[in-house]
Every structure is written in C-alpha cells, then in structure tokens.
Asks: 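Okay, here's the structure, questions in a sec.
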Amino acid sequence: QAQLVESGGGWVQAGGSLRLSCAASGRTFSTYAMGWFRQAPGKEREFVARIIWSGGNTYVADSVKGRFTISRDNVKNTVYLQMYNLKPEDTAVYYCAARRDGSGVATLPSTYNYWGQGTQVTVSS
C-alpha cells in the first residue's frame, strides 16, 4: 500500500525554523503531485505548497510565500517543507498528500487521494 509519513514537527518560537519531512513508500510517485496542507482546530484544511515530483515544479500559497520552500529527494523518496520565520498563525497540523499529476495548480485537498497522519507545528509568540 502507498504510505506517506510526516515527521519534523514540534514547538518553536516566532521567527524560528522547522523542516518537515514526508517519507513516501509503497509505490513510485514519479507521476504525482506532492502537497503540504495544514489544518488548525475549527478551520478548513488549507493548502500550503506542492511540488510536481517529475521535474520539481513548485507552487506555494501566498500566505507562506517567501518563508516556506518545498523540495523533494528522488533517491530518498522524500518531500520536504522548509519553514523559515515561523509565525503564530502557522500553528496547525501539517499533512503531506499525493495526487496523480494533471491539469491545474493542484491546491484543492479534495483532489488528493493519499494522506499522511499529520505532524503538529506549534509556534509561540
């Protein structure tokens, strides 16, 4: 079975940095888009960033543009979300997800069919 496992979450002060990892296994994701989403209690799941596995094209949400970077390692079959200058409003559970690549920017959670368990990121003032 295809599996995505996130790691790297934790607690940081505002202005700090974290790097999240998403280890993919069970299949090749070479034809997939890999996304990061986040969700805080009582809020809708929010798009953060995505990368097209083949070729490495990236797109990030305006809310994190300039602070977050998404990347992938083909050998390790791992996707990363590097987060700089974290803010309290970044506090959420962060999820890794995958979908077959297709048309569009791939920002809608409903279009992703593989999901990790999530990792908590907490940013304090």
Side-chain angles (χ1 to χ4, degrees):
Q1 295 180 340
Q3 187 175 35
L4 304 174
V5 180
E6 302 98 331
S7 62
W11 177 93
V12 294
Q13 292 180 312
S17 302
L18 284 174
R19 188 178 75 162
L20 306 183
S21 298
C22 174
S25 63
R27 64 156 296 131
T28 177
F29 289 89
S30 61
T31 61
Y32 278 66
M34 309 295 295
W36 285 98
F37 296 81
R38 64 188 184 185
Q39 188 167 25
K43 295 185 178 180
E44 297 293 318
R45 190 162 295 185
E46 176 189 21
F47 169 78
V48 177
R50 72 102 175 95
I51 185 168
I52 307 301
W53 194 279
S54 179
N57 174 268
T58 63
Y59 180 79
V60 299
D62 289 342
S63 60
V64 302
K65 190 175 297 181
R67 299 188 297 118
F68 291 11
T69 300
I70 188 170
S71 62
R72 93 293 198 212
D73 187 316
N74 290 330
V75 175
K76 295 182 178 180
N77 213 30
T78 299
V79 179
Y80 303 97
L81 184 69
Q82 179 66 60
M83 305 183 292
Y84 296 104
N85 191 25
L86 283 160
K87 304 176 183 296
E89 52 263 43
D90 295 319
T91 296
V93 176
Y94 283 70
Y95 296 92
C96 179
R99 55 161 273 185
R100 291 189 180 275
D101 189 25
S103 61
V105 72
T107 61
L108 299 178
S110 61
T111 66
Y112 286 75
N113 53 357
Y114 296 104
W115 292 86
Q117 82 288 352
T119 185
Q120 177 72 47
V121 172
T122 303
V123 185
S124 63
S125 300

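Just so we're clear, the structure is a prediction, and the values are computed from it rather than from any experiment.
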Asks: Minimum heavy-atom separation for Ser21 to Thr78, with atom names?
Replies: CB-CG2, 4.2 Å
Asks: How long is the gap from CD1 on Ile52 to CZ on Arg72, to the nearest 0.5 Å?
Replies: 10.0 Å
Asks: Which atom pair, heavy atoms only, marks the closest approach of Lys43 to Gln39?
Replies: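 Closest pair (atom of Lys43, atom of Gln39, distance): O-NE2, 3.1 Å.
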Asks: Cation-pi check, Arg45 to Phe37: give yes when NZ or CZ is under 6.0 Å from the six-membered ring centre and within 45° of the ring axis, no otherwise.
Replies: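 Output no; distance or angle outside limits.
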Asks: Return the minimal non-hydrogen interatomic distance between Phe47 and Ala106, and the atom names on each side.
Replies: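 Closest approach of Phe47 to Ala106, heavy atoms only: CE1-O, 3.8 Å.
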Asks: Which distance, rounded to the nearest 0.5 Å, do you find between the CZ of Phe68 and the OG1 of Thr58?
Replies: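 Answer for the CZ-OG1 pair, Phe68 versus Thr58, is 14.5 Å.
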Asks: Does Lys65 come within less than 4.0 Å of Asp62, counting only side-chain N to carboxylate O?
Replies: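 Counted as a salt bridge, because a side-chain N and a carboxylate O are separated by less than 4.0 Å.
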Asks: Just by distance, do the side chain of Arg50 and the backbone of Val105 share a donor-acceptor pair under 3.5 Å?
Replies: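 A pair under 3.5 Å: yes.
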Asks: Show the nearest heavy-atom pair for residues Thr31 and Arg27, with the distance to one decimal.
Replies: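 Closest pair (atom of Thr31, atom of Arg27, distance): OG1-NH2, 4.5 Å.
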Asks: Which distance, rounded to the nearest 0.5 Å, do you find between the OG1 of Thr111 and the CZ of Arg99?
Replies: 4.0 Å
Asks: For the residue pair Trp115 and Tyr95, categorise the inter-ring angle as parallel (less than 30°), tilted (30 to 60°) or perpendicular (more than 60°).
Replies: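 Ring orientation of Trp115 relative to Tyr95: perpendicular.
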Asks: Tell me whether the rings of Phe29 and Tyr114 are parallel (<30°), tilted (30 to 60°) or perpendicular (>60°).
Replies: perpendicular
Asks: Measuring only between side-chain heavy atoms, which start at C-beta, is Val12 closer than 4.5 Å to Met83?
Replies: no
Asks: Output the distance between atom OG (Ser63) and atom CG (Asp90), rounded to the nearest 0.5 Å.
Replies: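 The distance works out to 7.5 Å.
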Asks: Tell me the closest heavy-atom pair linking Ala92 and Arg38, and the distance in Å.
Replies: CB-CB, 3.8 Å
Asks: Check whether Thr91 reaches the backbone of Val123 with its side chain - one donor and one acceptor, N or O, closer than 3.5 Å.
Replies: yes
Asks: At what distance, to the nearest 0.5 angstrom, does OG of Ser17 lie from OH of Tyr84?
Replies: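 Here the rounded value is 6.0 Å.
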Asks: Would you check if Trp53 and Asn77 make a side-chain contact, meaning some heavy-atom pair closer than 4.5 Å?
Replies: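 Trp53 reaches Asn77 side chain to side chain.
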Asks: Nearest 0.5 Å, what's the CG-CH2 distance between Leu20 and Trp36?
Replies: 4.5 Å
Asks: So do the side chains of Thr107 and Tyr59 get within less than 4.5 Å of each other, counting heavy atoms only?
Replies: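 Side-chain contact under 4.5 Å: yes.
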Asks: Salt bridge (charged side-chain N to carboxylate O under 4.0 Å, His left out): which pairs involve residues 108-125, sequence neighbours left out?
Replies: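 Of all non-adjacent pairs touching residues 108-125, none passes salt bridge (charged side-chain N to carboxylate O under 4.0 Å, His left out).
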Asks: Are Ile51 and Tyr80 connected in the hydrophobic side-chain network, where two residues link if heavy atoms are under 4.5 Å apart?
Replies: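 No: no chain of side-chain contacts under 4.5 Å links Ile51 to Tyr80.
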Asks: Can you find a pair of side-chain heavy atoms, one from Met34 and one from Leu4, that are under 4.5 Å apart?
Replies: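 Of all side-chain heavy-atom pairs linking Leu4 with Met34, at least one is under 4.5 Å.
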Asks: If you group Ile, Leu, Val, Met, Phe, Trp and Tyr by side-chain heavy-atom gaps below 4.5 Å, do Val48 and Tyr112 land in one group?
Replies: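 No, it is not one cluster - the side chains of Val48 and Tyr112 are not joined through contacts under 4.5 Å.
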Asks: Is the CD atom of Glu89 crowded by more than 12 outside heavy atoms at less than 6.0 Å?
Replies: yes
Asks: Are the side chains of Gln117 and Glu6 in contact, using a 4.5 Å heavy-atom criterion?
Replies: yes
